[in-house]
Trainee: 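Handing you this structure, nothing more for now.
The first residue of the sequence shown is numbered 1, and numbering continues consecutively from there. Everything quoted here is computed from the prediction, not taken from an experiment.
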Amino acid sequence: MIGAQWGDEGKGKITDLLSRSADMVVRSQGGVNAGHTVVVQDQTFKLHLIPSGILYPDTECIIGSGTVIDPSVLLEEMQQLRDLKVSTENLFISQTAHVTMPYHRLIDKASEEKRGKHKIGTTGRGIGPTYADKSERTGIRIIDLMNTDDLRAKLAWAINYKNAILEKLYNLPPLNPETVITEYLDYAEQLRPHVVDSSLKIYKAIRQKKNILFEGAQGTLLDLDHGTYPYVTSSNPIAGGACVGSGIGPTVIDRVIGVAKAYTTRVGEGPFPTELEGPIEQLLCDRGAEFGTTTGRRRRCGWFDAVIGRYAVRINGLDCLAITKLDVLDTLPEIKVCVAYELDGKTCRHLPSSASEFARCQPMYHTLPGWEKPTSDCRSLDDLPEQALDYLRFLAEIMEVPIAIVSLGASRDQTIIVEDPIHGPKRALLDHNGSPWDAMTY
């Protein structure tokens with residue numbers, strides 16, 4: 001299950017729903033820069049590293065090798081769950097996942113500040129520098145935390161090296177090596193019972209024919225290779241990244257589910273063709289509670305962008321969609337969908353790879369009537385206003401992929417399950433019927 005926009009699509013709730021049918025949930029990439037919010041009855045759970053499946057006591061949850069782990073945040077998150085009477089006994093951590101260190105956070109914030117007007121909009125949580133060390137082959141892995149002598153040797157060198165960067169490049173005070181080593185050795189002992197060979201554990205579950213849900217963080221347009229570079233994250237949130245970050249082969253994946261809001265949001269810097277300003281943008285932000293789970297930053301809001309939607313379908317090979325926050329649009333008399341861009345006087349039907357070209361794209365809209373009726377209490381397609389159904393049908397047609405789930409609020413029960421994306425056939429009742437936009441799309 002992946003995000004089909006710029007992240008923040010409501011994946012936490014959808015993962016929570018799908019976890020009811022899953023024996024195992026695997027988080028394959030990203031770090032504490034991600035955030036999933038799940039509302040169960042009167043309790044709200046804000047998860048950053050731990051898969052949403054942890055709320056089901058019989059579901060095993062894996063933090064895979066493609067993630068980067070900040071032990072202090074993970075342990076705090078585990079304690080918060082235990083305080084809410086949620087067990088963490090079924091949480092397992094890949095021994096080959098990389099570890100975010102204090103110098104990663106310091107370098108992340110300092111380098112972003114130095115970028116000035118060219119800043120990317122990172123969360124400042126040290127994610128990019130952690131992945132950079134991984135690629136540079138100087139990173140610290142969870143398995144290194146498990147061996148005191150190895151950790152001391154590796155950290156002594158790494159901290160001295162990073163201190164030179166902190167002092168000379170960023171004019172920051174150096175870290176005390178012994179303080180950091182002592183801190184992380186303590187983390188190691190607390191995490192030790194949860195550390196496993198995650199690829200082997202997942203493989204055994206596959207051999208036992210168990211249902212496994214791979215939970216994506218961030219979204220397609222933030223993918224390091226296929227997103228709106230350079231305004232992207234440092235990992236691969238697309239469907240292919242689940243294989244790499246979990247240590248499994250692509251042939252074991254049965255279905256790819258995309259999650260998209262009924263409108264579009266973006267956090268941080270970078271072009272956003274359908275971005276709105278004024279009363280409608282304020283309405284979307286207020287009704288959608290558009291503030292980041294991780295940073296608390298206000299999200300930029302705009303109309304649904306079907307160009308990036310079709311791109312997400314193509315890049316991920318989506319089988320079906322979950323559309324979230326449809327209820328946010330309830331009060332609008334009309335709703336727009338971006339069906340193409342105008343780029344330098346020409347119609348552009350595909351996402352440009354060039355950041356400068358994407359920044360010049362102007363949205364071309366198709367306008368649909370709103371329904372101006374509340375939908376948050378709807379529990380079936382028959383309950384929805386006809387205009388809301390027409391809007392969903394239009395999204396399915398223009399994106400050329402069926403819609404399997406419609407979310408109408410934060411709670412578990414505020415959901416219409418059109419068909420079971422895991423056990424159902426590869427079709428949905430709210431299907432597309434040979435899009436009238438076919439000639440325009442391809």
Side-chain angles (χ1 to χ4, degrees), residues 1-12 14-15 18 25-31 33-36 49 51-52 62-68 94 97-98 120 122 127-128 130-131 134-135 199 202 212-261 264-268 270-272 305-324 350-355 358 399-401 404 421 441:
M1 189 210 68
I2 58 89
Q5 294 163 320
W6 273 291
D8 306 311
E9 299 95 348
K11 296 183 296 298
I14 304 303
T15 302
L18 298 180
V25 181
V26 182
R27 166 79 179 274
S28 57
Q29 48 75 220
N33 56 339
H36 289 168
L49 279 167
S52 304
I62 309 284
I63 301 177
S65 57
T67 61
V68 293
S94 172
H98 278 249
I120 296 171
T122 76
I127 307 305
T130 309
Y131 277 114
K134 177 180 179 178
S135 297
S199 176
I202 297 167
I212 304 170
L213 175 64
F214 296 92
E215 174 192 74
Q218 287 96 27
T220 298
L221 277 297
L222 293 178
D223 187 89
L224 180 60
D225 292 291
H226 301 285
T228 50
Y229 192 90
Y231 303 101
V232 293
T233 192
S234 305
S235 59
N236 294 107
I238 62 170
C243 297
V244 178
S246 304
I248 52 98
T251 56
V252 303
I253 302 292
D254 299 305
R255 177 170 289 195
V256 183
I257 304 162
V259 184
K261 276 179 186 163
T264 308
T265 63
R266 180 168 195 174
V267 171
F272 183 2
D305 189 332
V307 179
I308 68 171
R310 292 192 299 266
Y311 179 76
V313 171
R314 168 162 61 92
I315 291 295
N316 295 289
L318 297 185
D319 291 302
C320 60
L321 277 171
I323 297 294
T324 63
H350 304 283
L351 183 71
S353 297
S354 165
F358 189 44
M399 292 178 66
E400 299 181 312
V401 66
T441 305

Trainee: Give me the atom names and distance for the closest heavy-atom approach of Ala260 to Ala4.
Mentor: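 Ala260 and Ala4 have their closest heavy atoms at CB-CB, 4.2 Å.
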Trainee: Are the side chains of Val267 and Trp6 in touch, meaning some heavy atoms are under 4.5 Å apart?
Mentor: no
Trainee: With side chain to side chain contact (heavy atoms under 4.5 Å, CB included) as the criterion, how do Ile2 and Leu318 come out once you've worked through the C-alpha distance, each side chain's angles and the decisive distance to 0.1 Å?
Mentor: CA-CA 9 Å; Ile2 58 89; Leu318 297 185; 3.8 Å; yes
Trainee: Using side-chain heavy atoms (C-beta onward) and a distance below 4.5 Å, is Val252 in contact with Ile212?
Mentor: no
Trainee: Specify the closest pair of heavy atoms between Gly12 and Ser52, including all atoms of both residues, with the distance to one decimal.
Mentor: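 That would be O-OG, 3.6 Å.
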Trainee: Would you say that Thr228 contacts Arg266 through its side chain, given a criterion of any heavy-atom pair below 4.5 Å between the two side chains?
Mentor: yes
Trainee: Nearest 0.5 Å, what's the CG-CD1 distance between Leu18 and Ile257?
Mentor: 5.0 Å
Trainee: A side-chain contact here means heavy atoms from C-beta on lying under 4.5 Å apart; do Asn316 and Thr220 qualify?
Mentor: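 Of all side-chain heavy-atom pairs linking Thr220 with Asn316, at least one is under 4.5 Å.
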Trainee: Could you tell me whether the side chain of Ser28 and the main chain of Gly66 form a donor-acceptor pair under 3.5 Å?
Mentor: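 No, because the side chain of Ser28 does not come within donor-acceptor range (under 3.5 Å) of the backbone of Gly66.
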Trainee: Show, in sequence, the C-alpha distance, side-chain angles and deciding distance for Met1 and Ile14, and conclude whether the side chain to side chain contact (heavy atoms under 4.5 Å, CB included) test is met.
Mentor: CA-CA 9 Å; Met1 189 210 68; Ile14 304 303; 3.7 Å; yes
Trainee: Would you compute the distance between atom CZ of Phe214 and atom SG of Cys243 and round it to the nearest 0.5 angstrom?
Mentor: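 One finds 7.0 Å between CZ of Phe214 and SG of Cys243.
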Trainee: What is the distance from atom CG of Leu321 to atom CD of Glu400, rounded to the nearest 0.5 Å?
Mentor: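 Leu321 atom CG to Glu400 atom CD measures 12.0 Å (nearest 0.5 Å).
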Trainee: Taking the side chain from Tyr231 and the backbone from Ala355, do they hold a donor-acceptor pair closer than 3.5 Å?
Mentor: no
Trainee: I would like to know whether Lys11 and Glu215 meet side chain to side chain contact (heavy atoms under 4.5 Å, CB included); could you show each step before the answer?
Mentor: CA-CA 8 Å; Lys11 296 183 296 298; Glu215 174 192 74; over 6 Å; no
Trainee: Just wondering, do Asp225 and Val232 contact through their side chains at under 4.5 Å, heavy atoms?
Mentor: no
Trainee: Short question: side chain of Glu9, backbone of Gly219 - any donor-acceptor pair under 3.5 Å?
Mentor: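 Not at all, since once roles are kept as given, no pair shorter than 3.5 Å links the two residues.
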Trainee: I need the Thr67 OG1 to Tyr131 OH distance, nearest 0.5 Å.
Mentor: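 That separation rounds to 6.5 Å.
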Trainee: Does the side chain of Ile63 reach to within under 4.5 Å of the side chain of Pro51, using non-hydrogen atoms?
Mentor: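 Yes - at least one pair of side-chain heavy atoms lies under 4.5 Å apart.
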Trainee: One pair to check against side chain to side chain contact (heavy atoms under 4.5 Å, CB included): Thr264 and Phe272. What are the steps and the verdict?
Mentor: CA-CA 9 Å; Thr264 308; Phe272 183 2; 3.7 Å; yes
Trainee: Considering all heavy atoms of both residues, which atom of Thr324 and which atom of Gly10 are nearest to each other, and what is their separation?
Mentor: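 Minimum heavy-atom separation between Thr324 and Gly10: CG2-O, 4.3 Å.
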Trainee: With side-chain contact (heavy atoms from CB on, under 4.5 Å) as the test, pick out the partner of Thr233 among Leu221, Leu222, Leu224.
Mentor: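 When Leu221, Leu222, Leu224 are each tested with Thr233, the side-chain contact (heavy atoms from CB on, under 4.5 Å) holds only for Leu222.
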Trainee: Can you name the closest pair of heavy atoms from Gln29 and Asn236 and give their distance?
Mentor: CG-O, 3.5 Å
Trainee: Tell me, do His98 and Thr130 make a side-chain contact under 4.5 Å, heavy atoms counted?
Mentor: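 Counting from C-beta outward, His98 and Thr130 do come under 4.5 Å.
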Trainee: At their closest point, which heavy atom of Val307 faces which heavy atom of His350, and how far apart are they?
Mentor: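 The pair with the smallest heavy-atom distance is CG1-C, 3.9 Å.
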Trainee: Looking only at heavy atoms, what is the nearest atom pair of Ser234 and Gly128, with distance?
Mentor: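 Nearest pair, atom of Ser234 first, then Gly128: OG-CA, 3.2 Å.
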Trainee: For the residue pair Asp8 and Lys261, establish whether any side-chain heavy-atom pair is separated by less than 4.5 Å.
Mentor: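 Result yes, sub-4.5 Å side-chain heavy-atom pair found.
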